[in-house]
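Everything on this sheet refers to the single structure shown next.
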There are 2 protein chains.
Amino acid sequence: MKLKSFKGMNCSLAQTLNIVGERWSLLIIRDISFGTTHFDEIQKSLGVARNMLSTRLKQLTEAGILRKEADDAGRSQYKLTDKGWDLMPVLLSMTHWGDKHVPDEAGDRVVFVDQKTGRPIQPMGIHDADGSRINYYDIKPEFGPALRR
Amino acid sequence: MKLKSFKGMNCSLAQTLNIVGERWSLLIIRDISFGTTHFDEIQKSLGVARNMLSTRLKQLTEAGILRKEADDAGRSQYKLTDKGWDLMPVLLSMTHWGDKHVPDEAGDRVVFVDQKTGRPIQPMGIHDADGSRINYYDIKPEFGPALRR
DNA sequence: GATCTGCGTTTAATCAAGCAACTGTGGAGA
DNA sequence: TCTCCACAGTTGCTTGATTAAACGCAGATC
């Protein structure tokens, strides 16, 4: 009774979840994006089981999200590829949702700021073709070519 | 050997994953956002096991993401709450990532358009305080009050 | 040469996903 | 009123996934 794969679903969300939808994947990716790139560092930071971490790193590397390389000391480390960095909107959306809906009494936990100005970035939101911010009830889904058949 | 909870992690991403990070949750939420609101409809649409669906719907309702109510015919249906609709940026980020990195040869699967203009919305991206689009390498994380202690 | 650190793999136990069959309820039709 | 069917779950079982801890192994340090 294998875990059901989302591969056949012909849905971009399902395809994404098939690759990064596993419990630990996004936390691993976040750690690496923060500069925690060595196996033991990630393991201690997250408290994930070592074999899980090993498996996930392998899968994410095969999926082209991570790249394994040696650092100056010859120790192996993991870095995000461009494909991996493209997941930042996903990470940021989730972080902002957590900030808003599962807050800490002491305030925000991590704030992402614009490096040039030092000011916090906007919470992730929906923008129309002109770049104006719009609401979720201002959009509607339409079937694209791949679903019209 | 219970599944490790992310609750104690003091990280907004982990808090979000603790609520919607399970395999089926986001797919269920997407279906409901598309108007597939009855138990059997969702079950057939996703092919998820009925007991899984039952458990997830219960958890998501308890988490305040869904609301259970009766439709005109008295059948029970599930709707998104505002808290649930706030997950749209997460769904859209993942959908756009899938469109880009796991494409279908036939083209896009679902396109989200601005209801007023009919034009597709922008792919989810990072915006600075002034609303200008910036890149992932233009931002950096800073520890907020909850982590400075 | 003994111990430590880094990076995993193996092992054994337990938890959760998956499937299918069953229950319970309400309405439609005979 | 009796049967049939759709809907919304629930129950029970099997198998896969997750966990923690122990083990391997190479290179560096004491």
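Here is how names work: the chains are called A, B, and so on, in the same order as the sequence lines, proteins then strands, and each is numbered from 1.
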*Atom CD of B/Q77 to atom P of D/dG9: distance rounded to whole Å?*
12 Å
*Is there a donor-acceptor contact under 3.5 Å from the side chain of B/K68 to the main chain of B/K58?*
no
Counting only pairs under 3.5 Å, give me each side-chain donor-acceptor contact of residues 134-144 of chain A, with atom names and distances, residues two or more places apart or in other chains.
from: A/N135; atom 1: ND2; to: A/Y137; atom 2: OH; distance (Å): 3.1
from: A/D138; atom 1: OD2; to: A/N135; atom 2: N; distance (Å): 3.1

Atom pairs, protein N/O to nucleotides 25-28 of chain D N/O, distance under 3.5 Å:
none

*Does a side-chain N or O from B/K58 land closer than 4.0 Å to OP1 or OP2 of D/dA8, or not?*
no
*asked:* So does A/M124 get a backbone contact from the side chain of A/S93, meaning a donor-acceptor N/O pair under 3.5 Å?
replied: no
*Among the candidates D/dG9, D/dT19, C/dC19, find the nucleotide nearest to the side-chain atoms of B/N51.*
C/dC19
*Given D/dG9, D/dT18, C/dA17, which nucleotide is nearest the side-chain atoms of A/M52?*
D/dT18
_C/dG6 phosphate, OP1 or OP2, under 4.0 Å from A/Y78 side-chain N/O_ = no
*asked:* Less than 6.0 angstrom from the centroid, inside 45 degrees of the normal: does A/R50 satisfy that with respect to the ring of A/F39?
replied: no
Give every pair of a protein N or O atom and an N or O atom of nucleotides 27-29 of chain C that lie under 3.5 Å apart, one pair per line with the distance.
none

*Provide the closest heavy-atom pair for A/Q15 versus A/N10 in the form atom of the first, atom of the second, distance.*
NE2-N, 4.0 Å
_Closest non-hydrogen atom pair between A/S25 and A/V20, with its separation_ = CB-O, 3.7 Å
*Please give, in whole Å, the distance from D/dA8 C1' to B/L57 CG?*
10 Å
*asked:* Which heavy atom of B/E41 sits nearest to which heavy atom of B/T36, and what is that distance?
replied: CB-CG2, 3.5 Å
_Is it the case that D/dA8 (base atoms only) and B/R50 (side chain only) share a donor and an acceptor within less than 3.5 Å, ignoring hydrogens and angles?_
yes
_Carboxylate-amine/guanidinium contact B/D86 A/K100, below 4.0 Å_ = yes
*How long is the line joining CG of B/L53 and C1' of C/dA20, in whole Å?*
16 Å
*Take the C1' atoms of the five end pairs on each side of the helix from C/dG1-D/dC30 to C/dA30-D/dT1, get both axes, and report the angle to 10 degrees.*
10°
*A/K4 has a side chain; which of C/dG18, D/dT10, D/dT18 sits nearest to it?*
C/dG18
_Side chain of A/R75 only, heavy atoms from C-beta on: which candidate in C/dG8, C/dT11, C/dG6 is closest?_
C/dG6
*asked:* Distance check needed: C/dG6 C1' versus A/D71 CG, whole Å only.
replied: 11 Å
*Specify the closest pair of heavy atoms between A/M9 and A/A14, including all atoms of both residues, with the distance to one decimal.*
SD-CB, 3.7 Å
*At their closest point, which heavy atom of B/H38 faces which heavy atom of B/S76, and how far apart are they?*
CD2-O, 3.3 Å
*asked:* Determine whether a donor-acceptor pair (N or O, by modelled atom type, separation under 3.5 Å) exists between the side chain of A/T37 and the backbone of A/Y78.
replied: no
*Run the salt-bridge test on B/R133 and B/D128 with the 4.0 Å N-O cut-off and return the result as yes or no.*
no
_By nearest heavy atom, map A/T55 and A/S5 onto DNA chain C; which one lands nearer the 5' end?_
A/T55
*The side chain of B/S76 lies closest to which of these nucleotides: C/dG8, D/dT19, D/dG9?*
D/dG9
_Nucleic acid contacts - residues 20-44 of chain A versus DNA chain C, non-hydrogen atoms under 4.0 Å_ = A/H38, A/F39, A/D40
*Closest approach of A/R23 to B/L17 (non-hydrogen atoms, all atoms of both residues)*: O-CD1, 4.3 Å
*asked:* Check this one for me: any side-chain N or O of B/S54 less than 4.0 Å away from OP1 or OP2 of D/dT10?
replied: yes
Could you give the side-chain donor-acceptor pairs of residues 102-114 of chain B under 3.5 Å, partners two or more places apart or in another chain?
from: B/D104; atom 1: OD1; to: B/A106; atom 2: N; distance (Å): 2.9
from: B/R109; atom 1: NE; to: A/S12; atom 2: OG; distance (Å): 3.0
from: B/R109; atom 1: NH2; to: A/S12; atom 2: OG; distance (Å): 3.2
from: B/R109; atom 1: NH2; to: B/V102; atom 2: O; distance (Å): 2.6
from: B/D114; atom 1: OD1; to: B/K116; atom 2: N; distance (Å): 3.1

